[in-house]
Asker: 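Provided herewith is a single structure, encoded as C-alpha cells, for subsequent inquiry.
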Amino acid sequence: MSARAAAAIALAGFWWTATGAAARGAAAQEAHGGQVLIEALGCAACHSGVPGGEAIREVAPPFGDGAAPMAPAYVFHYMADPQTVRPDIAPARMPRYELDERQRVALALFVSNDREMRGVDQALRAAMARHPDADRAEGAALFETLNCAGCHVHPEAQSRVTAPDLSLTGVRVRPEWLTGYLANPVTIRPAGPVPGEGGQMPDFRLDAAEAASIADYLLELEGPDGADPPAEVADWEPQALSPFAMQKAGTLLRNRWSCLGCHQLGEDGGRIGPRLDGVAQRLRPGYVRAIMQDPAHLAPGTIMPASLEQPDRLDLIASFLLGRDGEWSGSETVADLPALPDATAPGAELYAARCAPCHGVGGAGDGFNAPFLPVTPTVHADSAAMALRPDDTLYDGIHAGGWILGKSHRMPAFGASLNDGEKRALVAYIRALCRCEGPAWSRDGRRSR
Ligand code: HEC
Ligand code: HEC
Ligand code: HEC
Ligand code: HEC
C-alpha cells in the first residue's frame, strides 16, 4: 500500500475517533486545495454536500438561442474527446462523458443550435445516416439527464442536482478506492442516481495530485444534520465465513430474496441499484451493513426497501458481499431509459419512482429493468388479469413481496419502507392503470386495515 493510501486511511480513521474540533479544523485547512478545485471544477453543479455551483456557470460557455452558434461537427467531435482549450479558465474544464455515437449526434443537433446544419462534415453526415431518428429532442433530453445544464446555461434546459451527497463520502467509501475513482470514474449506478433518470459521473481527467487533494477534502466533510451514520458504520466488521456459509448466503441472495431484482451480482440480476460485485473494494464494511438495515437513512429517497430484519441475516449477507472477489471496473450503463415520466397524483409519483423501473411507466411490464429479470413483471395494465385480484391481494404483494402470492421473489417487499397510505395509493394507482376493479365479492365488506 502506498504511503498516500495509508495516510488517507489513517485520516478516515481519525474522522471517526477525533473529538477535538481544533484538530479537525487543522486537517480541513490542509484539504483546502481540494475545496478550491471542487469549486472551480463545478462539482456542486450535480452534487449536494459540496460548496460552489454557480461559479462554473460563469465560465462554461452558454448555449442555445442568444449564444454564439457552433458547427454541429465541432460539437460531435468535441464530445468524444473534449480538450481543455482555454488556459484562462483553468482549472475549470469540460469533463468527458461516456457517450455512444448516437448520443453524440443528438447532442450535436441540440447544442450547436444550427438549424440549417451548415458545419456538418463527412464523419457527422455518415453518423447521422446510421442514426436517422436521433434528433434535437433526444439531444435536449440527454442534455438534461447528463446535467450539461449544471454548467452550461441553456434557455431550454433545467439543471438537476441529483448526484449523491458528497458530504457522505467518508461514511460510504474506502479512501484507497476514492482517489482512483476520481482519476478514472467507473459506473456505479447503471440507471443513474435516480434509477431510470440516467446520469453519469463524467471524467475530469484529474491528475494524481488533483485527485488526491479532492479525496482528502471529501473524506473530511461532515454529513448534513441528522444524517449521522448509525454507530455500526464505524464499528462493524465482517465475519470470516466458512465455505458453507458463503454458499448459503449466495443461494439465499439468488433464490430467496429480492436483492437481485435490483442489483447485479456476477451475470445475474437487475440494473436498478449498484452492482454488488466490487463492494469489498469500494465501500466501508459498516456502510454495507448499515444501508441494508436502513437504506432510507443513508440514501434518502432511495427505492431500496429495508427487507432483512434479523441481525444475523444482515451480518451474513454483508459478510458475504465483503468476502467476495469480483472487482468491477466497467462503464456499462442502461442504454434504453424511458422518457422521464410526468407524474402528479401521489400514487402515480410513487409508482413512477419505485415500481416503473420493473413494471413500466404505464404498467405494461416493460420497465427498463424488466429484461434483466427471470420473469416478466406483472402487467398492471392488464384489466382481465387484475380484475381477478382483490385489492387486499395487491396490497399484500406490495407489503410482503412477490413470494407471498406465490410469485417471483424478485418482486421486493416494500412493507417496511412505505406507510399504509402509500401502499393504498399504489393499489389505487394499479386500479387506474388497469381501469378495473377487484372481484365483486372482495369489494363488499372490505377488510379494514
Ligand atoms: C462540470 C461542468 C461541465 C459540464 C457538466 C459540462 N460541461 Fe461542457 N464545458 C465546460 C467548460 C468549463 C467548458 C470550456 C472548456 C474550455 O473551453 O476549455 C466546456 C466546453 C464545452 C463545449 C465546447 C464549447 C466551445 O466553445 O468550444 C461543448 C460543445 C460542451 N462543453 C458541451 C457539453 C455537453 C453537451 C455537456 C453534457 C453532456 C457538457 N458540456 C457538460 C464545463 C462543463
Ligand atoms: C455532470 C454531473 C456531475 C458532475 C459535474 C460531478 N459529478 Fe460526481 N457523480 C455524478 C453522478 C451522476 C454520480 C453517480 C454515478 C454512479 O453512481 O455511477 C457521481 C458520483 C460521484 C462519486 C461517487 C459517489 C458515491 O459515493 O457513489 C464521487 C466521489 C463524485 N461523484 C465526486 C465528484 C467530484 C469530486 C466532482 C467534481 C470534480 C464531481 N463528482 C462532479 C455526477 C457528477
Ligand atoms: C427495489 C430495488 C432494490 C432492492 C430490492 C434492493 N436494493 Fe440495494 N440498492 C438499491 C439502490 C437504488 C441502491 C443505491 C442507493 C444509493 O443511491 O446510494 C442500493 C444500494 C445498496 C447497497 C450499497 C451499494 C453501493 O454501492 O452504494 C448495498 C450493499 C445493497 N443495496 C444491498 C442490497 C441487498 C443485500 C438487498 C437485498 C436484501 C438489496 N440491496 C435490495 C436498490 C435495491
Ligand atoms: C425489481 C423489480 C420490481 C419492482 C421494483 C417492483 N416489482 Fe412488482 N413485481 C415484480 C415481479 C418480477 C413480479 C412477479 C411476476 C410473476 O412472478 O409473475 C411482481 C409482482 C407484483 C405484484 C403481484 C401482482 C399479482 O400477480 O397479483 C404486485 C401487486 C406488484 N408487483 C406491485 C408492485 C408495486 C406497487 C411496486 C412498486 C412499489 C413494484 N411492484 C415494484 C417486479 C418488481
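As a basis for the values below, the full set of heavy atoms in this structure was taken, side chains included, without hydrogen atoms, waters or symmetry mates. Whatever order the structure lists ligands and atoms in, that order sets their numbers, starting from 1. Being a predicted model, the structure only gives us computed values, none of them experimental.
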Asker: Only one of Arg389, Met411, His359 forms a side chain to side chain contact (heavy atoms under 4.5 Å, CB included) with Thr378, so which one is it?
Answerer: His359
Asker: Ala413 and Pro305: which non-hydrogen atoms are nearest, and at how many Å?
Answerer: O-CB, 3.4 Å
Asker: Is the side chain of Gln103 donor-acceptor paired with the backbone N or O of Asp100 at a distance under 3.5 Å, no angle test?
Answerer: yes
Asker: Could you establish whether Val50 and ligand 2 come within less than 4.0 Å of each other, counting only heavy atoms on the residue side?
Answerer: no
Asker: Would you mind listing which atoms of ligand 2 come within a distance below 4.0 Å of any non-hydrogen atom of Leu182?
Answerer: 32 (C), 35 (C)
Asker: Considering non-hydrogen atoms only, spot the tightest contact between Arg282 and Pro274 and give its length.
Answerer: NH2-CB, 4.1 Å
Asker: Give the atom numbers and elements of ligand 4 that come within less than 4.0 Å of a heavy atom of Gly261.
Answerer: 1 (C)
Asker: Tell me, please, if Thr378 has any N/O/S atom, main chain or side chain, under 2.8 Å from atom 8 (Fe) of ligand 4?
Answerer: no
Asker: Please confirm whether Tyr351 comes within less than 3.5 Å of ligand 4 when only nitrogen or oxygen atoms on both sides are compared.
Answerer: no
Asker: Quick check: His154 with Phe63 (ring centres under 6.0 Å apart)?
Answerer: no
Asker: Within ligand 2, which atoms have a heavy atom of Thr187 less than 4.0 Å away?
Answerer: 18 (O)
Asker: Considering only heavy atoms, does Leu394 approach ligand 4 within less than 4.0 Å through its side chain, its backbone, both, or neither?
Answerer: both
Asker: Which ligand 4 atoms are under 4.0 Å away from a heavy-atom of Leu426?
Answerer: 38 (C)
Asker: Strictly under 6.0 Å, is that where the ring centroids of Phe414 and His399 end up?
Answerer: no
Asker: Is any N or O atom of Arg354, backbone or side chain, closer than 3.5 Å to an N or O atom of ligand 4?
Answerer: no
Asker: Would you say Gln264's side chain and Gly266's backbone share a donor-acceptor pair under 3.5 angstrom?
Answerer: yes
Asker: Examine the proximity of ligand 4 to Lys407 and report which part, side chain or backbone, both or neither, has a heavy atom under 4.0 Å away.
Answerer: both
Asker: Could you tell me which atoms of ligand 2, counted from 1 in the order shown, lie closer than 4.0 angstrom to a heavy atom of Ile214?
Answerer: 35 (C)
Asker: So which bit of Thr393 gets within less than 4.0 Å of ligand 4, heavy atoms only: side chain, backbone, both or neither?
Answerer: neither
Asker: Run the numbers for me: atoms of ligand 4, each under 4.0 Å from some heavy atom of Leu405, listed by number.
Answerer: 23 (C), 27 (O)
Asker: Quick one about Tyr395 and Asp420 (side-chain donor to acceptor, distance below 3.5 Å, no hydrogens or angles considered), yes or no?
Answerer: yes
Asker: Could you see which bit of Pro412 sits under 4.0 Å from ligand 4, with heavy atoms only: side chain, backbone, both or neither?
Answerer: side chain
Asker: I need the atoms of ligand 4 closer than 4.0 Å to a non-hydrogen atom of Thr376, numbered in the order shown.
Answerer: 15 (C)
Asker: Any side-chain donor-acceptor pair under 3.5 Å between Tyr429 and His380?
Answerer: no
Asker: Kindly determine whether Arg104 and Met79 satisfy side chain to side chain contact (heavy atoms under 4.5 Å, CB included), including the steps that lead there.
Answerer: CA-CA 6 Å; Arg104 288 191 291 123; Met79 293 314 296; 3.9 Å; yes
Asker: Short list, please: which atoms of ligand 4 are under 4.0 Å from a heavy atom of Arg389?
Answerer: 25 (C), 26 (O), 27 (O)
Asker: What is the minimum heavy-atom distance between Glu332 and Pro190, and which atoms define it?
Answerer: O-CB, 3.9 Å
Asker: Roughly how far, to the nearest 0.5 Å, is CG of Leu322 from CG of Leu283?
Answerer: 8.0 Å
Asker: Could you list the atoms of ligand 2 found under 4.0 angstrom from a heavy atom of Leu178?
Answerer: 29 (C)
Asker: Gly261 and Leu373: which non-hydrogen atoms are nearest, and at how many Å?
Answerer: O-CD2, 3.5 Å
Asker: So does Cys355 have any N/O/S atom less than 2.8 Å away from atom 8 (Fe) of ligand 4?
Answerer: no
Asker: Compute the minimum heavy-atom distance from Val427 to ligand 4 and say whether it is under 4.0 Å.
Answerer: no
Asker: Could you go through ligand 1 and note, for every N or O atom, any protein N or O atom closer than 3.5 angstrom, writing the atom names and distance to 0.1 Å, or 'none'?
Answerer:
unit_1, atom_1, unit_2, atom_2, d
ligand 1, 7 (N), His152, NE2, 2.8
ligand 1, 9 (N), His152, NE2, 2.8
ligand 1, 18 (O), Val85, N, 3.0
ligand 1, 18 (O), Arg86, N, 3.2
ligand 1, 27 (O), Tyr74, OH, 2.6
ligand 1, 31 (N), His152, NE2, 2.9
ligand 1, 40 (N), His152, NE2, 2.8

Asker: Return yes if a side-chain donor-acceptor contact under 3.5 Å exists between Gln281 and Arg174, otherwise no.
Answerer: no
Asker: Can you list the atoms of ligand 2 that are under 4.0 Å from a heavy atom of Pro193?
Answerer: 12 (C)
Asker: Could you tell me, atom by atom, which parts of ligand 4 come under 4.0 Å of a heavy atom of Ile398?
Answerer: 32 (C), 35 (C)
Asker: Report yes if some heavy atom in the side chain of Val375 is under 4.5 Å from a heavy atom in the side chain of Lys407; otherwise report no.
Answerer: no
Asker: With atoms numbered from 1 as shown, which atoms in ligand 2 lie under 4.0 angstrom from a non-hydrogen atom of Arg172?
Answerer: 25 (C), 26 (O), 27 (O)
Asker: Knowing that exactly one of Cys358, Ser258, Pro374 qualifies, which makes a side chain to side chain contact (heavy atoms under 4.5 Å, CB included) with Arg410?
Answerer: Pro374
Asker: Could Arg136 and Phe110 be counted as a cation-pi pair, given that NZ or CZ must be under 6.0 Å from the ring centre and within 45° of the axis?
Answerer: no
Asker: List the atom of Met304, the atom of Ile291, and the distance in Å for their closest heavy-atom pair.
Answerer: CE-O, 3.6 Å
Asker: Ser408 versus ligand 4: do any nitrogen or oxygen atoms come within less than 3.5 Å of each other?
Answerer: yes
Asker: Distance-only, no hydrogens or angles: does the Glu210 side chain make a donor-acceptor pair with backbone N or O of Asp207 under 3.5 Å?
Answerer: yes
Asker: Hey, is His380 one of the residues with a heavy atom under 4.0 angstrom from ligand 4?
Answerer: yes
Asker: For Leu166, counting its heavy atoms only, list the atoms of ligand 2 lying under 4.0 Å from any of them.
Answerer: 28 (C), 29 (C), 30 (C), 32 (C), 33 (C)
Asker: Of all the N, O or S atoms in His47, which one sits nearest to atom 8 (Fe) of ligand 2?
Answerer: NE2
Asker: Show the atoms of ligand 4 that are less than 4.0 angstrom away from any heavy atom in Cys358.
Answerer: 1 (C), 2 (C), 3 (C), 4 (C), 5 (C), 42 (C), 43 (C)
